[in-house]
S.K.: 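Sharing a structure, written as structure tokens. Questions coming.
Just so it is clear, the model here is predicted, and its values are computed rather than measured. Numbers here are sequence positions counted from 1. Computed over heavy atoms, backbone and side chain alike; hydrogens, waters and symmetry mates excluded.
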Amino acid sequence: MYIAQELRKKSIAEYLLYMWQIEDVIRAYDCSLTRIRREYISRFDYTEEQKEEEADWFGNMVTMMNQEGKREKGHLQINQVLLQDIIDLHIQLLESPKFPYYNAEYYKVLPFIVELRQKGDSEVNEIETCFDALYGVMMLRLQHKEITAETEHALQEITTFIGMLSDYYIKDHKEGLDWGELG
């Protein structure tokens, strides 16, 4: 909860990836709040009050996962809505002549997106494809698995692109994007 709150303020992309990770953490503990409390939350250097708040937050997440049928796989509705908001902003940025740097970055990363979609689910939106790639590599790194130089290069480009989109998202929600000037 505390990490999520901080990430949401500074990077919507990191926040969404973190929330996907939290979904997987909950699944790793069989959606058991008792286990999450005992085996996960207890490891953090939190006060008892903070541990209770964290447990309440995880409890809400577990409840949502159970209600939405996401115990095995998939993303919570709150995360899907956020992803759709990011996708909608992406479309607005592409359609506007006011954000040429964003358009240039998009076309720079597009060959990697096309390649990823050919290897995976071509029905998935381009932005979700990027997030899937970032999350997949994050999981590989956590498992200390090797990442090829080619994948590393694609990841750099995708990270730059999604970082730019994330920055625009934060700016749009904090102060609003100025659609009347060059971005």
S.K.: Looking at F99, Y101, W179, F161, which hits ring pair (Phe, Tyr, Trp, His ring centres under 6.0 Å) with Y168?
M.R.: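 It is F99, the one option of F99, Y101, W179, F161 that forms the ring pair (Phe, Tyr, Trp, His ring centres under 6.0 Å) with Y168.
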S.K.: Are M65 and R27 packed together at the side-chain level, in the sense that at least one heavy-atom pair is separated by less than 4.5 angstrom?
M.R.: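 Contact flag for M65/R27 side chains = yes.
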S.K.: Kindly give the heavy-atom pair with the smallest separation between L16 and N79, and that separation in Å.
M.R.: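 Looking at all heavy atoms of both residues, the closest pair is CD1-O, 3.7 Å.
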S.K.: Going by an N to O cut-off under 4.0 Å, is there a salt bridge joining E115 and K119?
M.R.: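 Yes.
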S.K.: Suppose we screen for side chain to side chain donor-acceptor pair (under 3.5 Å). Which residues come up paired with N125, at least two apart in sequence or across chains?
M.R.: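 N125 satisfies side chain to side chain donor-acceptor pair (under 3.5 Å) with no other residue.
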S.K.: What is the distance from atom CD1 of I87 to atom SG of C130, rounded to the nearest 0.5 Å?
M.R.: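 The CD1 atom of I87 sits 10.0 Å away from the SG atom of C130.
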S.K.: Would you give the length of the straight line joining atom CH2 of W20 to atom CG of L76, rounded to the nearest 0.5 angstrom?
M.R.: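 With rounding to 0.5 Å, CH2 (W20) is 12.0 Å from CG (L76).
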S.K.: Taking only residues at least two apart or on different chains, which pairs with a member in residues 39-51 satisfy salt bridge (charged side-chain N to carboxylate O under 4.0 Å, His left out)?
M.R.: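 For residues 39-51, and leaving out neighbouring residues, the salt bridge (charged side-chain N to carboxylate O under 4.0 Å, His left out) pairs sorted by first residue read R35-E39, E48-K51.
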S.K.: Could you tell me whether a side-chain N or O of S166 sits under 3.5 Å from a main-chain N or O of A13, the two making a donor and an acceptor?
M.R.: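 Pair found, side chain donor or acceptor close to backbone of A13.
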S.K.: Quick one: does L89's side chain get under 4.5 Å of D85's, heavy atoms only?
M.R.: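 The answer is no; the side chains never approach within 4.5 Å.
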S.K.: Under the rule for side chain to side chain donor-acceptor pair (under 3.5 Å), what residues qualify as partners of Q84, not counting sequence neighbours?
M.R.: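 If we apply the side chain to side chain donor-acceptor pair (under 3.5 Å) test to Q84, skipping adjacent residues, the hits are D88.
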S.K.: Would you say S96's side chain and Q92's backbone share a donor-acceptor pair under 3.5 angstrom?
M.R.: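 Not a single qualifying donor-acceptor pair exists.
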S.K.: Looking at Y102 versus H90, is the centre-to-centre ring distance below 6.0 Å?
M.R.: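 Yes.
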S.K.: Looking at side-chain heavy atoms only, is the closest gap between Y106 and L93 below 4.5 Å?
M.R.: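 A side-chain contact under 4.5 Å is absent here.
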S.K.: Looking only at heavy atoms, what is the nearest atom pair of I36 and Y29, with distance?
M.R.: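 Of all heavy-atom pairs spanning I36 and Y29, the closest is CG1-CB, 3.6 Å.
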S.K.: Is atom CD of Q5 surrounded by more than 12 heavy atoms (other residues, nucleotides or ligands) closer than 6.0 Å?
M.R.: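 Enclosed.
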S.K.: Determine the minimum heavy-atom distance between I26 and M61, stating which atoms define it.
M.R.: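 So the minimum-distance heavy-atom pair works out to CD1-CB, 3.4 Å.
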S.K.: Which pairs with one or both residues in residues 138-167 pass salt bridge (charged side-chain N to carboxylate O under 4.0 Å, His left out), sequence neighbours excluded?
M.R.: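 As it turns out, the salt bridge (charged side-chain N to carboxylate O under 4.0 Å, His left out) pairs with a partner in residues 138-167, which skip direct neighbours, are K108-E157, R141-E152.
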S.K.: So which pairs with a foot in residues 52-76 pass salt bridge (charged side-chain N to carboxylate O under 4.0 Å, His left out), sequence neighbours left out?
M.R.: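 Every salt bridge (charged side-chain N to carboxylate O under 4.0 Å, His left out) pair that includes a residue of residues 52-76, provided the two are not neighbours, is R37-E52.
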S.K.: Looking only at non-hydrogen atoms, find the nearest pair between A4 and W57 and report the distance.
M.R.: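 For A4 versus W57, the nearest heavy atoms are CB-CZ2, 4.0 Å.
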S.K.: Considering non-hydrogen atoms only, spot the tightest contact between I170 and R8 and give its length.
M.R.: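 The answer is CD1-O, 3.5 Å.
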S.K.: Got R38 and T34 here, is their nearest side-chain heavy-atom distance under 4.5 Å?
M.R.: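 Side-chain contact under 4.5 Å: yes.
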S.K.: Write down the atom of V62, the atom of C31, and the distance for their closest heavy-atom approach.
M.R.: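 It is CG1-O, 3.3 Å.
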S.K.: With a 4.5 Å limit on heavy-atom distance, are the side chains of F112 and H153 in contact?
M.R.: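 In contact.
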S.K.: So does L155 get a backbone contact from the side chain of T159, meaning a donor-acceptor N/O pair under 3.5 Å?
M.R.: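 Side chain of T159 to backbone of L155: a pair is present.
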S.K.: To the closest 0.5 Å, what do you measure between CD1 (I3) and CD (E14)?
M.R.: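 Going from CD1 on I3 over to CD on E14, the span is 11.5 Å.
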S.K.: Would you say I158 and L116 make side-chain contact, with heavy atoms under 4.5 Å?
M.R.: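 Touching, per the 4.5 Å side-chain cut-off.
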S.K.: For the pair Y40 and F44, name the ring-plane relationship: parallel under 30°, tilted 30 to 60°, perpendicular over 60°.
M.R.: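 Rings of Y40 and F44: perpendicular, over 60°.
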S.K.: Contact between Q21 and L142 at the side-chain level, heavy atoms closer than 4.5 Å - yes or no?
M.R.: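 Heavy-atom side-chain distance check passes, below 4.5 Å.
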S.K.: Could you check V124 against R117 for side chain to side chain contact (heavy atoms under 4.5 Å, CB included), going step by step and ending with a plain yes or no?
M.R.: CA-CA 8 Å; V124 172; R117 290 178 83 188; 5.6 Å; no
S.K.: Could you tell me if the side chain of L110 sits less than 4.5 Å from the side chain of E126, heavy atoms only?
M.R.: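 Touching, per the 4.5 Å side-chain cut-off.
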S.K.: I need the I78 CD1 to H75 NE2 distance, nearest 0.5 Å.
M.R.: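 These two atoms lie 12.0 Å from each other.
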S.K.: Distance check, rounded to the nearest 0.5 Å: I127 atom CD1 versus I113 atom CD1?
M.R.: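 Reported to 0.5 Å precision, the distance equals 6.0 Å.
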S.K.: Mind checking the CD-CE spacing from Q77 to M64? Nearest 0.5 Å is all I need.
M.R.: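 Here the interatomic distance stands at 11.0 Å.
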S.K.: Considering only residues two or more places apart or on different chains, which pairs with a residue in residues 129-140 satisfy side chain to side chain donor-acceptor pair (under 3.5 Å)?
M.R.: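 Matches after skipping sequence neighbours: D24-Y135.
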S.K.: Shared ILVMFWY cluster between Y15 and V81, side chains joined below 4.5 angstrom?
M.R.: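 Different hydrophobic clusters.
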